[in-house]
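For the numbers below, each heavy atom of this structure counts, side chains included, while hydrogens, waters and symmetry mates do not. Given the structure is predicted, the values throughout are model-derived calculations rather than measurements. Indexing begins at 1, ligand by ligand and atom by atom, following the structure's order.
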Amino acid sequence: MTDFKPRTKAVHGGTRRSGYGEVSEAIFLTQGFVYDSAEAAEARFVQAGDDEFIYARYGNPTVAMFEDRIAGLEGAEDAFATASGMAAVSGALMAMLRAGDHVVAARALFGSCLYVLENVLRRYGVEVDFVDGTDLSQWRAAVRPGTAAVFFESVSNPTLEVIDIAGVAEIAHAVGARVVVDNVFATPVFSRALAQGADVVIYSATKHIDGQGRALGGVILGTRDFIRGTVEPYMKHTGGAMSPFNAWIMLKGLETMALRVHAQADTALRLAQALEGRAGLRRVIYPGLASHAQHALSAAQMDKGGTVLAVELEGGQPAAFRFLNALRIGLISNNLGDAKTIVTHPATTTHQRLPDDQKVALGIAPGLVRISVGLEDPDDLAEDMAQALAAAAHKE
Ligand SMILES: *Cc1c(COP(=O)(O)O)cnc(C)c1O
């Protein structure tokens, strides 16, 4: 499949057909695998071949199809599929780090990623320093010879800061640190993080890969040596494997991902342009807007601005709540990357746990609303946002 373009790989990559010659990928809902003889069992435990499986926590044909398909798309040597995005983040970090290691991470992170870095890793003796991820001089000052890894979200949640993958990678590689990128917001469709210098790329497949809000999943991508030598032994013994059923959902999700994500990003740009400058809004944040602080970097690093935008309402939390409550299409929830438009008030939900000073530092204002743009008609969405904005301006 290597000579085909991404959309072809997304439909055919990794396919393994059973003896029945099925067209659609089979779901191998089996925990175990039967051996022809005791000798064959012994041989497989010594060294399992490429298409030989032992136990679903170690690997499974449907899961392997998903791993090979996403690895091919991403241009990675290999991939390990996990039960959720957080199983991928925590698994990749726990597998590669040991007590005494030093890690530098961007401060603007998904809440659970922050927990893993601040609480879990520190508890096991890993030293973690946080920096403003958009400021390369802070990365330069924070790394030191022997720093084991740097970690960041290439586009941060929820304020959509864009981090310079190549810039951070140059600084990290100069001291021998591994570059680990949580690439969810950039999506596998718009990003080429590995080519830009990332060593390990992580996705929550729950988001755009499923794309229809059904199942949890995650994936760790990197070199074969890292995935099979470092990640697999840790994951297969600690239990964060992806279910074969979820792998099938993700496989089928990959087939339509490019079409969905392009349509969602086009609508997101259109909504961002329509909302920018409107009365009642303090700011509209979208990497595809010329007004975005890292617009040039975003345009150089990603094909499009992504499927998520954020708006900050004047009038703080009351106005933000009136806006959310007045929407007729956007659903109030906390996920993203769904076919359905989802709106979130980060300050009171996903980022509620953060102390106020950290919310201020990260730009998570009381009036901030995150909008994950779905596949609805763009005209309907634009009209709905406009009427909700008008409603938000009217205090009861
Ligand atoms: C959702 C998300 C995760 C966690 O993924 P789950 O599948 O919910 O475990 C990690 N990082 C980012 C940036 C996310 O958006």
Side-chain angles (χ1 to χ4, degrees), residues 63 66 70 79-94 105-121 130 133 150-163 165 180-191 193 198 200-221 235 238-243 245-247 249-250 253-254 257 261 264-265 268 285 287 302 306-310 333-338 340 342-344 346 349-354 362 364 370-374:
V63 177
F66 169 66
I70 182 79
F80 196 93
T82 59
S84 67
M86 284 321 302
V89 171
S90 65
L93 293 172
M94 292 295 277
R107 200 172 286 118
L109 291 179
F110 184 74
S112 299
C113 294
L114 194 63
Y115 176 83
V116 168
L117 285 151
E118 267 198 315
N119 299 59
V120 181
L121 291 181
F130 291 96
V150 300
F151 179 84
F152 59 93
E153 291 169 16
S154 53
V155 180
S156 75
N157 171 41
T159 51
L160 310 175
E161 289 177 345
V162 181
I163 294 182
I165 297 173
V180 185
V181 178
D182 181 336
N183 215 25
V184 167
F185 279 61
T187 82
V189 180
F190 299 142
S191 170
V200 180
V201 171
I202 292 168
Y203 289 103
S204 163
T206 312
K207 313 292 166 57
H208 305 89
I209 295 175
D210 173 332
Q212 296 173 67
R214 297 164 294 191
L216 293 176
V219 65
I220 307 166
L221 298 126
M235 292 305 302
T238 56
M242 178 180 272
S243 128
F245 183 77
N246 287 7
I249 288 176
M250 300 310 174
L254 284 179
M257 177 175 66
V261 166
Q264 287 164 292
I285 312 170
M302 301 193 291
T307 66
V308 179
L309 66 143
S333 188
N334 38 257
N335 197 15
L336 61 99
D338 199 304
K340 296 175 170 65
I342 287 176
V343 290
T344 309
T349 60
T350 53
H351 292 70
Q352 189 191 112
R353 237 173 28 92
L354 281 185
L362 294 175
I364 304 171
R370 186 185 77 187
I371 303 168
S372 166
V373 177

ask   = For ligand 1, what is the set of protein residues having any non-hydrogen atom at a distance below 4.0 Å?
value =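 Under the 4.0 Å cut-off, ligand 1 touches Ser84, Gly85, Met86, Phe110, Cys113, Glu153, Asp182, Val184, Phe185, Ser204, Thr206, Lys207, Gly217.
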
query = Only one of Val261, Asn335, Val308 forms a side-chain contact (heavy atoms from CB on, under 4.5 Å) with Lys207, so which one is it?
reply =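 Among Val261, Asn335, Val308, the one meeting side-chain contact (heavy atoms from CB on, under 4.5 Å) with Lys207 is Asn335.
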
task = Starting from the C-alpha separation in whole Å, work towards a yes-or-no answer on side chain to side chain contact (heavy atoms under 4.5 Å, CB included) for Tyr115 and Arg353.
result = CA-CA 10 Å; Tyr115 176 83; Arg353 237 173 28 92; 4.2 Å; yes

query = Would a distance-only check, ignoring hydrogens and angles, find a side-chain to backbone donor-acceptor pair under 3.5 Å from Asn246 to Leu216?
reply =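 Yes.
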
inquiry  = If we ignore hydrogens and angles and just use 3.5 Å, is the side chain of Thr206 paired with the main-chain N or O of Gly217 as donor and acceptor?
reply    =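 Yes; at least one donor-acceptor contact below 3.5 Å.
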
ask   = Does a donor on one side chain sit under 3.5 Å from an acceptor on the other, for Asn334 and Thr350?
value =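 Note: Asn334 and Thr350 side chains miss the donor-acceptor criterion.
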
task = Step by step, work out the side chain to side chain contact (heavy atoms under 4.5 Å, CB included) result for Val181 and Ile202.
result = CA-CA 6 Å; Val181 178; Ile202 292 168; over 6 Å; no

